[in-house]
Amino acid sequence: MKIDVDRVRIVEVGPRDGLQNEKATIPLDVKVAFIEALADSGLRTVEAGAFVHPTWVPQMADSAEVYAKITKRAGFDYPMLVPNEKGLERAIECGVTSIAIFTAASESFNRRNINMGIDESFEVFTPVALRARDEGIRVRGYVSCACGCPYEGAIAPEKVLEVTARLMDLGCYEVSIGDTIGVGSPLQVQGLLHLLTQVIPRSRLAMHFHDTRGMAVANTLAALELGVTVFDASAGGLGGCPYAPGASGNMATEDLVYLLDSLGIEHGVDLDKLVAAASVIAPWLDHPLPGKVVQACTKGTLPWGTRSVVQ
Ligand code: HMG
Ligand code: MG
């Protein structure tokens with residue numbers, strides 16, 4: 001194994017991807033405390049919520065209030081997910097400075113997730129990206145189903161490249177390649193990255209692994225070997241997409257940090273404080289946190305379902 005990466009930037013997606021699929025209602029102040037604790041741990045990019053349809057994703061319905069209440073620390077970035085112009089309007093009203101737009105390499109997944117085909121999503125995102133640029137808002141892109149789709153099965157890597165390149169053409173500063181349902185494996189990830197990096201600079205790619213089959217750490221190593229330096233992860237290993245049946249949590253941020261520490265790669269995050277952040281959200285969930293390192297660090301004692309702990 002040969003890894004030449006010195007430093008990784010972690011994009012914490014716990015407050016958005018981590019919570020969007022949770023059944024339990026999580027109070028506004030708990031979401032805010034979770035984000036503050038994540039930032040306290042040294043995570044400088046924290047995806048804080050989503051301006052998606054509140055009926056389709058009720059857990060994100062209070063994203064405007066969450067964004068209003070969090071401390072916008074200098075040098076920190078709090079991207080918000082935006083699916084269309086209506087979402088961008090809501091973002092602008094809140095004074096958001098950074099958004100993420102999202103489409104997929106699978107036509108069927110896109111239709112279920114955002115009620116649009118791939119081409120249609122670009123018709124919708126083109127004015128969103130232009131307006132965002134005029135407003136001085138940074139735009140990140142996501143490509144879902146990069147390693148496989150819950151509806152279509154295998155996805156051609158060439159399709160992932162095409163969609164990624166189109167997001168770059170819209171002006172995204174970075175595109176996050178999503179293994180939405182956690183079906184990817186290391187050699188597959190490396191094959192995909194070999195193709196993508198023929199066209200797209202490595203420095204503008206991020207990897208977004210869900211850990212459904214326990215492959216997230218292995219896939220991260222595979223991507224590190226090919227020089228990727230940006231990884232999305234979710235505190236406690238929370239996560240999942242309501243429109244991706246079978247998808248489970250993201251790469252746990254603690255697992256990522258532990259892996260990077262073992263490789264001597266800098267990341268700027270304090271593991272103890274990160275575990276403390278996970279313990280803010282744990283009592284509000286109706287299940288234990290799935291992340292391996294957070295379980296080991298707390299000896300499995302995080303008190304999920306005991307809400308009084310943080311009240
Ligand atoms: P639609 O129903 O097709 O929207 O939903 P529409 O444009 O036809 O409008 C219908 C109504 O919705 C209208 O209201 C609009 O105003 C309203 P009416 O006139 O009937 O009263 N509306 C909105 N309201 C609030 N906010 C908005 C908005 N847009 C329209 N932004 C839409 C289309 C995209 C909105 C919907 O399908 C949606 O919200 N989808 C989001 C699904 C989602 O959040 N999925 C999870 C995130 S993606 C993910 O997790 C993957 C990722 O992690 C990477 C990976 O893992 O691969 C990123
Ligand atoms: Mg995701």
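All of these numbers come straight from a predicted model, not from anything done at the bench. Counting from 1, the numbers follow the sequence of the chain as shown.
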Can the positive tip of [X] be found less than 6.0 Å from the middle of the six-membered ring of [Y], inside 45° of the ring normal?
X: K72; Y: Y67; answer: yes
X: R16; Y: F102; answer: no
X: R111; Y: F109; answer: no

Before giving the answer on side chain to side chain donor-acceptor pair (under 3.5 Å), spell out for E36 and T71 the whole-Å C-alpha distance, their side-chain angles and the decisive distance to 0.1 Å. CA-CA 7 Å; E36 298 294 358; T71 313; 2.9 Å; yes

Check the pair L205 / L193 against side chain to side chain contact (heavy atoms under 4.5 Å, CB included), numbers first and verdict last. CA-CA 9 Å; L205 291 174; L193 277 169; 4.1 Å; yes

Derivation of the salt bridge (charged side-chain N to carboxylate O under 4.0 Å, His left out) call for R90 and E85: CA-CA 9 Å; R90 292 173 60 198; E85 285 189 272; over 6 Å; no

Taking everything shown except L28 itself, do over 12 heavy atoms lie less than 6.0 Å from its CG?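 Yes, the 6.0 Å shell around CG holds more than 12 heavy atoms from other groups.
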
Do Y151 and I181 sit in one hydrophobic cluster, given that two such residues count as connected whenever their side-chain heavy atoms are within less than 4.5 Å of each other, even indirectly?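 No, because Y151 and I181 fall into different hydrophobic clusters, even though each may have its own neighbours under 4.5 Å.
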
Looking at side-chain heavy atoms only, is the closest gap between Y243 and P150 below 4.5 Å?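 Not in contact.
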
Knowing that exactly one of R140, R202, R138, R204 qualifies, which makes a salt bridge (Lys or Arg N to Asp or Glu O under 4.0 Å) with E174?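 The option that passes is R140.
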
Do [X] and [Y] have side-chain N/O donor and acceptor atoms under 3.5 Å apart?
X: S41; Y: D270; answer: no
X: D17; Y: H208; answer: yes
X: T103; Y: N110; answer: yes

Exercise: identify the closest heavy-atom pair between V8 and L260: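 Minimum heavy-atom contact is CG1-CD1, 3.7 Å.
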
Pick out which of D232, V46, D77, T253 makes a side-chain contact (heavy atoms from CB on, under 4.5 Å) with V11.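 Single side-chain contact (heavy atoms from CB on, under 4.5 Å) partner of V11 among D232, V46, D77, T253: D232.
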
Sidechain-backbone polar pair: Y78 side chain, V96 backbone, donor-acceptor under 3.5 Å: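 Here the side-chain-to-backbone pair does not exist.
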
Which distance, rounded to the nearest 0.5 Å, do you find between the CG of D255 and the CD of Q295?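 Nearest 0.5 Å value for the CG-CD distance: 9.0 Å.
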
